[in-house]
> 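Take this structure, written in structure tokens, and hold onto it; I'll ask about it next.
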Amino acid sequence: MNNSKIFILPEILNIPPKLYPFILNFNNYSYFLLEGGRASGKTQSVARFLLYIMENRHVRVCCGREIQNSIEESVRTVFLDLIDNYKLVYDIKKDALIHKTTKSKIFFKGFREQGKVNIKGLEGVDILWIDEAQSIAKTTLDVIVPTIRKKNSVIIFTMNRYTRFDSVYNFCAKRDDCLHINICYFDNPYVDEKIRKEAQVSKNTNLNDYNHIWLGYPLTNNNEYLITSQVLDKALNLNFESDKIFSDNSVMSVDLSASGADLCVAKLFVKQTENIWLEKFTTSWSEADTDITRGKIVSLYCEWSPKLLIMDADGLGYPIWISIQKMIRTAIGFRGGKKAISKYALNARADGYLALKEYLEKGYLKLTDKNSIRQLEYIKKIYKPNGLIAIQDKKELRKLHNESPDFADCTMMALYAINFCSNIIVHSSYETNSCVDSEFEPFD
């Protein structure tokens, strides 16, 4: 006797069978993570199921993204096409879709506005769908999740993550109340032959691109990226023994917020062996008041007692550094655009990142902060026509990942100091010279 169940779904729920558990278990979970590559049917499936729910009961649905500059950037068009195809009865508003019978409502929202997280309108939401969730910053996630607290409310994430340490992926991982489904184009029976051919061309042309775009693998092990995931794993799991005390040899680095969306980050690195440095402490804060930031830096300096302090002296960081230098005369101001010391780098920022890369690859650096590792995974190197190496601009990184690489840059500055700025340091194989005080005098 065959006891297997046969599910007959309405036509609007023509979705890949691999996503059936999403529908059949919708009342059993608080969170859903649907992740994978292009053409897997994630977005289409969620939109179809939400319209099906709205046909049958009254719900309030928000479709959100980290940044939504216009309604065209939302999933509104997906809903409109389905409403038209299945002759559903909706009042079509510019920023909302309202079912004429059940009065269910879908509205569209960008969470981050003018550098701050805006949760207005999220109260009372039954279903929050975050598409392109790989762009959600952890600071945004930390604000949004507690806001969706209506009884039986759910949050749905659809994404193709950039890094292994993606904030949404890590939030959902190993949660008993989250259903996680990985799906790719070959799991989607509705994919046409043209799409399959595109995927095959990508596979034949660039396997790294294929793995990310079509299979949904994180962006790792690509020659464009400065540091591989294997090297970062090595730094995270590095073990060492020390028979000497190097506690005198320590560097404090501070990356300062350049805008409302950025964080101030401070780190302390302490030398553990003849070659190995340990990332001992990491802290961050987001207060806009520069007096608070000055006080925080001085307080940490007194607490950590580093032998050397290096801090961001670019942009809005410059006046803070000037103020700090009056209190801590040995403070070094770091400016990423300054002339490089090594012969391979375009500027000081590239110097720092290349030194960081070398220390990591040689096993000379023990990292402990996963935010730093997550950001370091997506830092790209760029070869200039003159052969020099540059690092992808911070503005481009912020646009791509909806966060400034504050933790990565703070790590980079520490390694710049370790490698170039003190006679307590064992220099790397780069052509180096000790930092000259005049290099860090106030700039024009």
> Thr147 side chain to Val143 main-chain N or O, any donor-acceptor pair under 3.5 Å?
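Yes, because the side chain of Thr147 sits within donor-acceptor range (under 3.5 Å) of the backbone of Val143.
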> Quick one: are Leu226 and Leu354 in side-chain contact, heavy atoms under 4.5 Å?
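Contact flag for Leu226/Leu354 side chains = yes.
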> Any side-chain heavy atom of Asp131 sitting closer than 4.5 Å to one from Trp129?
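Yes - at least one pair of side-chain heavy atoms lies under 4.5 Å apart.
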> Quick check: closest heavy atoms across Pro16 and Ile183, and the distance to 0.1 Å?
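For Pro16 and Ile183, the tightest heavy-atom pair comes out as CB-CD1, 3.8 Å.
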> Angle between ring planes, Phe334 versus Tyr416, binned at 30° and 60°: parallel, tilted or perpendicular?
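Rings of Phe334 and Tyr416: perpendicular, over 60°.
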> Determine, stepwise, if the pair Asp369 / Thr411 fulfils side chain to side chain contact (heavy atoms under 4.5 Å, CB included).
CA-CA 10 Å; Asp369 177 57; Thr411 307; over 6 Å; no
> Does any non-hydrogen side-chain atom of Arg38 lie less than 4.5 Å from one of Asn160?
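Of all side-chain heavy-atom pairs linking Arg38 with Asn160, none is under 4.5 Å.
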> Just wondering, do Leu82 and Gln44 contact through their side chains at under 4.5 Å, heavy atoms?
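A side-chain contact under 4.5 Å exists here.
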> With sequence neighbours excluded, what pairs up with Asp314 under the side-chain hydrogen bond (donor to acceptor under 3.5 Å, both in side chains) test?
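Partners of Asp314 by the side-chain hydrogen bond (donor to acceptor under 3.5 Å, both in side chains) criterion, ordered by chain and then number, come out as Arg335.
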> Do Tyr210 and Gln200 have side chains that get closer than 4.5 Å, going by heavy atoms?
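Counting from C-beta outward, Tyr210 and Gln200 never come under 4.5 Å.
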> Between Val191 and Phe186, is a side chain to side chain contact (heavy atoms under 4.5 Å, CB included) present by the stated rule, with each step listed?
CA-CA 8 Å; Val191 169; Phe186 46 73; over 6 Å; no
> Is any side-chain N of the basic residue among Asp166 and Arg374 closer than 4.0 Å to the acidic one's carboxylate O?
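No, no charged N to carboxylate O under 4.0 Å.
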> Distance only, no hydrogens: is a donor on one side chain within 3.5 Å (strictly under) of an acceptor on the other, for Asn188 and Ser40?
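Asn188 vs Ser40: no donor-acceptor pair found between side chains.
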> Roughly how far, to the nearest 0.5 Å, is the CG atom of Leu356 from the CG atom of Leu415?
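The distance works out to 4.5 Å.
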> Got Tyr353 and Ile389 here, is their nearest side-chain heavy-atom distance under 4.5 Å?
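They are not in contact (no side-chain heavy atoms under 4.5 Å apart), so the answer is no.
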> Lys197: what forms a side chain to side chain contact (heavy atoms under 4.5 Å, CB included) with it, not counting sequence neighbours?
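Residues passing side chain to side chain contact (heavy atoms under 4.5 Å, CB included) with Lys197: Glu193.
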> In a check of salt bridge (Lys or Arg N to Asp or Glu O under 4.0 Å) between Asp126 and each of Lys150, Lys105, Arg60, which one passes?
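Only one option passes, and that is Lys150.
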> Please identify each residue that fulfils side chain to side chain contact (heavy atoms under 4.5 Å, CB included) with Tyr364, with sequence neighbours left out.
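Residues passing side chain to side chain contact (heavy atoms under 4.5 Å, CB included) with Tyr364: Asn275, Tyr359, Lys362.
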> Quick one: list whatever passes salt bridge (Lys or Arg N to Asp or Glu O under 4.0 Å) with Glu279, sequence neighbours left out.
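Once residues adjacent in sequence are excluded, the partners of Glu279 under the salt bridge (Lys or Arg N to Asp or Glu O under 4.0 Å) criterion are Lys267.
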> Is there a donor-acceptor contact under 3.5 Å linking the side chains of Gln375 and Glu377?
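No, no side-chain donor-acceptor contact under 3.5 Å.
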> If we ignore hydrogens and angles and just use 3.5 Å, is the side chain of Lys271 paired with the main-chain N or O of Val251 as donor and acceptor?
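Between the backbone of Val251 and the side chain of Lys271 there is no qualifying donor-acceptor contact (under 3.5 Å).
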> Say you draw a straight line from CG of Leu268 to CD of Glu303; how long is it, rounded to the nearest 0.5 Å?
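It is 9.5 Å, given to the nearest 0.5 Å.
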> Please report the closest heavy-atom contact between Ser250 and Ser305, naming both atoms and the distance.
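Residues Ser250 and Ser305, closest heavy atoms: OG-O, 3.9 Å.
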> So which heavy atom on Cys184 is nearest to which on Trp214, and how close?
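Scanning both residues completely, I find the closest heavy atoms to be CB-O, 3.8 Å.
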> Does the pair Phe269 and Trp277 meet the rule for a ring pair (Phe, Tyr, Trp, His ring centres under 6.0 Å), with working shown?
CA-CA 6 Å; Phe269 286 79; Trp277 288 76; 7.7 Å; no
> Contact between Pro405 and Ile379 at the side-chain level, heavy atoms closer than 4.5 Å - yes or no?
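They are in contact (side-chain heavy atoms under 4.5 Å apart), so the answer is yes.
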> Under a 3.5 Å distance rule, please check whether Arg175 uses its side chain to pair with a backbone N or O of Cys172 as donor and acceptor.
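No.
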> Strictly distance-based, threshold 3.5 Å: is any side-chain N or O of Lys42 a donor or acceptor partner for the main-chain N or O of Gly36?
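Pair found, side chain donor or acceptor close to backbone of Gly36.
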> At what distance, to the nearest 0.5 angstrom, does CD1 of Ile213 lie from CG of Asn211?
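Interatomic distance, Ile213 CD1 to Asn211 CG, rounded to 0.5 Å: 10.0 Å.
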> If the threshold is 4.0 Å, N to carboxylate O, is there a salt bridge linking Arg349 and Asp409?
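Salt bridge between Arg349 and Asp409, a charged N being under 4.0 Å from a carboxylate O: yes.
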> Consider ring-ring contact (aromatic ring centres under 6.0 Å, His included). Of Tyr169, Phe32, Tyr31, Tyr29, which one does His180 pass it with?
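Filter result, single survivor: Tyr169.
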> Only counting residues at least two apart or in another chain, list the ones meeting ring-ring contact (aromatic ring centres under 6.0 Å, His included) with Phe49.
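For Phe49, the residues satisfying ring-ring contact (aromatic ring centres under 6.0 Å, His included) (neighbours in sequence not counted) are Phe22, Phe26.
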> Going by the rule salt bridge (Lys or Arg N to Asp or Glu O under 4.0 Å), which residues pair with Arg48 if we only count those two or more places apart in sequence or in a different chain?
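With neighbours one apart ignored, the set is empty.
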